[in-house]
Amino acid sequence: PLFAGKGADDLVGVWIAGCSTGEEAYSLAILLKEQVAGRNGAPKVQIFATDIDEEAVAFARASKYPLALLDCVAPERRKKWFVQENDHWCPVRDIREMCVFSLHSAVKDPPFSKLDLISCRNLLIYLQPQAQDRLLSAFQYALKPGGYLFLGASESISRQSRSFAVVDKKHRIFRRRDTAAAAL
């Protein structure tokens, strides 16, 4: 559904808030690239991956991961989406170019906007309830109507259930309701 009604002139915008060292950004880039593979007129995908930790963002930008980190990745997928450089795996150029890493406080800085998907896995659990509510309101504002929110297993939208509908409770996927965005 993320690509429904989108063609070659369209952009699928994704924001990963609290991206840490980039594994999730590159994983989502691979999954989204696989979804549009072989599709004529596929939209472009742009992933904005942000974090407040300067060292983590620098590591993500370097895109060099220890060989053992990819042991759980199927050999076919590893061969297709990564190149080995000495004792590291690096995502192929197409995947790296889909991801833009930057320093950004999801809580303090203005959100990105007109997004199709926001992934915020395991960031909310570190915030107090008031900050969680503020961040979820920012996410609701940042998403296009019908856009998706992907949370971590321990996170909830319970106090923001008017803003998001459950798509997949087990996997923590929600969809922005077409209501006015809460004030930031």
Asks: Is there a donor-acceptor pair under 3.5 Å between the side chain of H104 and the backbone N or O of A17?
Replies: no
Asks: Do the side chains of D10 and F3 get nearer than 4.5 Å, heavy atoms only?
Replies: no
Asks: What are the two closest heavy atoms between S156 and L124, and how far apart are they?
Replies: O-CD1, 4.4 Å
Asks: Should L28 and L143 be counted in the same cluster of Ile, Leu, Val, Met, Phe, Trp and Tyr side chains packed under 4.5 Å apart?
Replies: no
Asks: V83, L69: one ILVMFWY side-chain cluster at the under-4.5 Å cut-off?
Replies: yes
Asks: Run the numbers on R77 and E34 for side-chain contact (heavy atoms from CB on, under 4.5 Å), then give the verdict.
Replies: CA-CA 10 Å; R77 189 173 262 164; E34 288 176 349; 2.6 Å; yes
Asks: Is the CD1 atom of I52 crowded by more than 12 outside heavy atoms at less than 6.0 Å?
Replies: no
Asks: So do the side chains of K144 and L115 get within less than 4.5 Å of each other, counting heavy atoms only?
Replies: no
Asks: Hydrophobic clusters here meaning ILVMFWY residues chained together by side-chain heavy-atom distances under 4.5 Å, can you tell me if V107 and I157 are in one?
Replies: yes
Asks: Verify, without hydrogens or angle tests, whether D133 (side chain) and Q130 (backbone) share a donor-acceptor contact under 3.5 angstrom.
Replies: no
Asks: Short question: side chain of R175, backbone of G146 - any donor-acceptor pair under 3.5 Å?
Replies: yes
Asks: Can you see which heavy atom on F59 is nearest to which on K64, and at what distance?
Replies: CZ-O, 3.5 Å
Asks: Mind checking the CG-CG spacing from L117 to L149? Nearest 0.5 Å is all I need.
Replies: 8.0 Å
Asks: Against the six-membered ring of F150, is R172 placed for a cation-pi contact (under 6.0 Å from the centre, within 45° of the normal)?
Replies: no
Asks: Is any side-chain heavy atom of R78 closer than 4.5 Å to a side-chain heavy atom of Q84?
Replies: no
Asks: Atom CG in L2, atom CG in L31: separation rounded to 0.5 Å?
Replies: 11.5 Å
Asks: Specify the closest pair of heavy atoms between L11 and Q46, including all atoms of both residues, with the distance to one decimal.
Replies: CD1-CB, 3.7 Å
Asks: Does G13 offer a backbone N or O that forms a donor-acceptor pair with the side chain of D116 under 3.5 Å?
Replies: yes
Asks: Tell me if the aromatic rings of Y65 and W89 count as close, with their centers under 6.0 Å from one another.
Replies: no
Asks: Could you report the tightest heavy-atom contact between K169 and V166, atom names first, then the distance?
Replies: N-CG1, 3.5 Å
Asks: Can you tell me if Y26 uses its side chain to pair, donor with acceptor, with the backbone of C99 under 3.5 Å?
Replies: no
Asks: Heavy atoms, side chains only, cut-off 4.5 Å: are I30 and F82 in contact?
Replies: yes
Asks: Quick check: do S63 and R96 have side-chain heavy atoms less than 4.5 Å from each other?
Replies: yes
Asks: Write down the atom of R61, the atom of L103, and the distance for their closest heavy-atom approach.
Replies: NH2-N, 4.4 Å
Asks: Please find the pair of heavy atoms, one from A25 and one from A49, that lie closest to each other, and give the distance.
Replies: CB-CB, 3.9 Å
Asks: Given 3.5 Å as the limit, does a donor-acceptor pair link the side chain of Q35 with the main chain of A37, or not?
Replies: no
Asks: Can you tell if the side chain of E24 reaches within under 4.5 Å of the side chain of C19, non-hydrogen atoms only?
Replies: no
Asks: What about L135 and F164, same hydrophobic cluster or not, with Ile/Leu/Val/Met/Phe/Trp/Tyr joined at side-chain heavy-atom distances under 4.5 Å?
Replies: yes
Asks: If we check side-chain contact (heavy atoms from CB on, under 4.5 Å) with I47, which of these qualifies: V12, V14, I95?
Replies: V14
Asks: Quick check against the 3.5 Å criterion: does E155 have a side-chain atom that pairs as donor or acceptor with the backbone of N122?
Replies: yes
Asks: Using modelled atom types and a 3.5 Å cut-off, is there a donor and acceptor pairing between side-chain atoms of D168 and backbone atoms of I173?
Replies: no
Asks: Do V45 and I16 sit in one hydrophobic cluster, given that two such residues count as connected whenever their side-chain heavy atoms are within less than 4.5 Å of each other, even indirectly?
Replies: yes
Asks: Taking side chain as C-beta onward, heavy atoms only, is W81 less than 4.5 Å from K33?
Replies: yes
Asks: With side chains defined as the heavy atoms from C-beta onward, is the minimum distance between F139 and I118 less than 4.5 Å?
Replies: yes
Asks: Going from CD on Q128 to CZ on R134, what distance comes out if it is rounded to the nearest 0.5 angstrom?
Replies: 11.0 Å
Asks: Report the residue from F112, Y141, Y148, F48 that forms a ring pair (Phe, Tyr, Trp, His ring centres under 6.0 Å) with W15.
Replies: F112
Asks: Determine whether more than 12 heavy atoms belonging to other residues, nucleotides or ligands lie under 6.0 Å from atom CG of D9.
Replies: no
Asks: Does K44 NZ have over 12 foreign heavy atoms under 6.0 Å away?
Replies: no
